[in-house]
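To start, the structure itself, in structure tokens.
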Amino acid sequence: MKTILIFVSSADGKVTKWGDSQVKLWSSHQDQDYYKKVWSESRLIVMGSNTFLADPQKPSPEHQLVIMTREPEKYNHLQTPGQIEFTNETPAQLVERFEKQRQELMLVVGGPHVATSFLKAKLINELWLTVEPKIFGEGDNFAEGEKLDIKLKLISFNKVNEEGTLINKYEVIKD
Ligand SMILES: NC(=O)c1ccc[n+]([C@@H]2O[C@H](COP(=O)([O-])OP(=O)(O)OC[C@H]3O[C@@H](n4cnc5c(N)ncnc54)[C@H](OP(=O)(O)O)[C@@H]3O)[C@@H](O)[C@H]2O)c1
């Protein structure tokens, strides 16, 4: 199973503008269209509870959404079998479970806490990072609070508008 981490950031590496959870207020239309397409093509999508709460998703038979939380019982009313699931499994347990089910792809859509957990556990194969030509100065980085030393190799880059929004794809080099 391939595990892909996807984010949009500013040129100074912020995935929130000043800590505000509404990413669509500053990300380009081109990135939003691209993200929608990646989402629509992904069956298995993993996120943290804060990311879910920032943009709650409705159940859909097309997707299996897995939301990571230490308190899954808090969300019993939102669970929809096979479509929306809240779990307190670790990143390693999730990867093991879905590999056993022979899933081909797991899309990890953030946020920073969950991304950092997956990166620390060396469970990410590719990083798909859109860089918007903006500087925020303050905001969250997608990997933070841990000493990491992860090498990447650029797979592809694509300038998608006049301003220079770049959609980059990196492979994580396994050591
Ligand atoms: N720019 C982008 O591309 C992008 C993408 C995604 C999100 N964001 C932004 O990022 C912000 C949310 O990020 P966040 O870092 O605060 O939250 P997050 O990563 O979405 O969720 C973190 C929460 O997940 C739960 N959790 C359960 N198991 C975990 C584990 N193993 N590792 C980490 N967390 C685990 C914990 O909540 P419990 O209290 O429920 O246990 C934890 O507080 C929002 O503002 C969102 O808009 C930006």
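Note: hydrogens, waters and symmetry copies are ignored here, and every other heavy atom, side chains too, is used.
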Quiz item: Is it true that a side-chain atom of N125 and a backbone atom of T3 form a donor plus acceptor pair closer than 3.5 Å?
Solution: yes
Exercise. Sequence neighbours left out, what pairs pass salt bridge (Lys or Arg N to Asp or Glu O under 4.0 Å) with at least one residue falling in residues 42-51?
Key: none
Quiz item: Is a side-chain donor or acceptor of T116 paired with a backbone partner of P112 at a separation under 3.5 angstrom?
Solution: yes
Quiz item: Same hydrophobic cluster for V15 and L152, using side-chain heavy-atom links shorter than 4.5 Å among ILVMFWY?
Solution: yes
Quiz item: Taking atom NZ of K100 and atom CE of M1, what is their separation to the nearest 0.5 Å?
Solution: 12.0 Å
Quiz item: Taking D12 for the side chain and G137 for the main chain, is one N or O donor matched with an acceptor at less than 3.5 Å?
Solution: yes
Residues 53-68 side chain polar contacts: donor-acceptor under 3.5 Å, at least two apart:
from, atom 1, to, atom 2, distance (Å)
Q57, NE2, D55, O, 2.9
S60, OG, E62, N, 3.1
H63, ND1, S42, O, 2.6

Exercise. Any chance you could measure L107, atom CG, to Q103, atom CD, to the nearest 0.5 Å?
Key: 12.0 Å
Quiz item: What pairs of residues pass the salt bridge (Lys or Arg N to Asp or Glu O under 4.0 Å) test when at least one of them lies in residues 120-129, not counting sequence neighbours?
Solution: K2-E126, K120-E146, K122-D175
Exercise. Flag the pair K24 / Q22 as yes when at least one side-chain heavy-atom distance between them is below 4.5 Å, and no otherwise.
Key: no
Exercise. Give the minimum heavy-atom separation between I173 and K153, together with the two atoms involved.
Key: CD1-CB, 3.6 Å
Exercise. Considering non-hydrogen atoms only, spot the tightest contact between F7 and A115 and give its length.
Key: CE1-CB, 3.5 Å
Self-check item: Check: W39 and I45 side chains under 4.5 Å, non-hydrogen atoms
Solution: yes
Quiz prompt | K151 NZ to Y170 OH distance, which is reported to the nearest 0.5 Å | solution = 15.5 Å
Quiz item: If you measure from CD on E104 to CZ on R102, what distance do you get to the nearest 0.5 Å?
Solution: 11.0 Å
Quiz item: Is the side chain of S9 donor-acceptor paired with the backbone N or O of V131 at a distance under 3.5 Å, no angle test?
Solution: no
Quiz item: Transitively linked via ILVMFWY side-chain contacts under 4.5 Å: L105 with L94?
Solution: no
Practice problem: Tell me yes or no: between the side chains of T165 and E132, is some donor less than 3.5 Å from an acceptor? | Solution: yes
Quiz item: Rounded to the nearest 0.5 Å, what separation is found between the NZ atom of K17 and the CG atom of D140?
Solution: 14.0 Å
Quiz item: So which of V8, T16, D20 actually passes side-chain contact (heavy atoms from CB on, under 4.5 Å) with W26?
Solution: V8
Exercise. Please answer whether the main-chain N or O of S49 pairs with a side-chain N or O of T69 as donor and acceptor at a distance below 3.5 Å.
Key: no
Quiz prompt | Pairwise side-chain contact, I6 with Y34, heavy-atom cut-off 4.5 Å (strictly under) | solution = yes
Quiz item: Is there a side-chain contact between N168 and L154, using heavy atoms and a 4.5 Å cut-off?
Solution: yes
Quiz prompt | Smallest separation among heavy atoms of N161 and S28, with atom names | solution = ND2-CB, 3.8 Å
Self-check item: Side chains of V46 and V109 in contact at under 4.5 Å (non-hydrogen atoms)
Solution: no
Practice problem: Look at the side-chain heavy atoms of Ile, Leu, Val, Met, Phe, Trp and Tyr, link any pair under 4.5 Å apart, and say whether I124 and Y35 land in one connected group. | Solution: no
Quiz prompt | Derivation of the salt bridge (Lys or Arg N to Asp or Glu O under 4.0 Å) call for E138 and K14 | solution = CA-CA 7 Å; E138 282 186 23; K14 306 300 182 198; over 6 Å; no
Practice problem: Would you mind reporting whether F142 and L119 have side-chain heavy atoms less than 4.5 Å apart? | Solution: yes
Quiz item: For the side chain of T90 and the backbone of Q93, is there at least one donor-acceptor N/O pair under 3.5 Å apart?
Solution: yes
Quiz item: With hydrophobic residues grouped by side-chain heavy-atom distances under 4.5 Å, do I150 and L127 end up in a single group?
Solution: yes
Quiz item: Just wondering, do F98 and L44 contact through their side chains at under 4.5 Å, heavy atoms?
Solution: yes
Quiz item: Is the number of heavy atoms from other residues, nucleotides or ligands under 6.0 Å of K36 NZ greater than 12?
Solution: no
Quiz item: Can you tell me if Q83 uses its side chain to pair, donor with acceptor, with the backbone of T80 under 3.5 Å?
Solution: no
Quiz prompt | Hydrophobic cluster membership, V38 vs V160, 4.5 Å side-chain cutoff | solution = yes
Exercise. Measure the shortest side-chain to side-chain distance between E71 and E73 over non-hydrogen atoms and say whether it is less than 4.5 angstrom.
Key: yes
Exercise. Considering only NZ, NE, NH1 and NH2 on the basic side and carboxylate oxygens on the acidic side, decide whether R97 and E85 come within less than 4.0 Å.
Key: yes
Quiz item: If every non-hydrogen atom of W18 is compared with every non-hydrogen atom of F136, which pair is closest and at what distance?
Solution: NE1-O, 3.2 Å
Quiz prompt | Row check, W128 ring normal vs K169 NZ/CZ: under 6.0 Å, within 45° | solution = yes
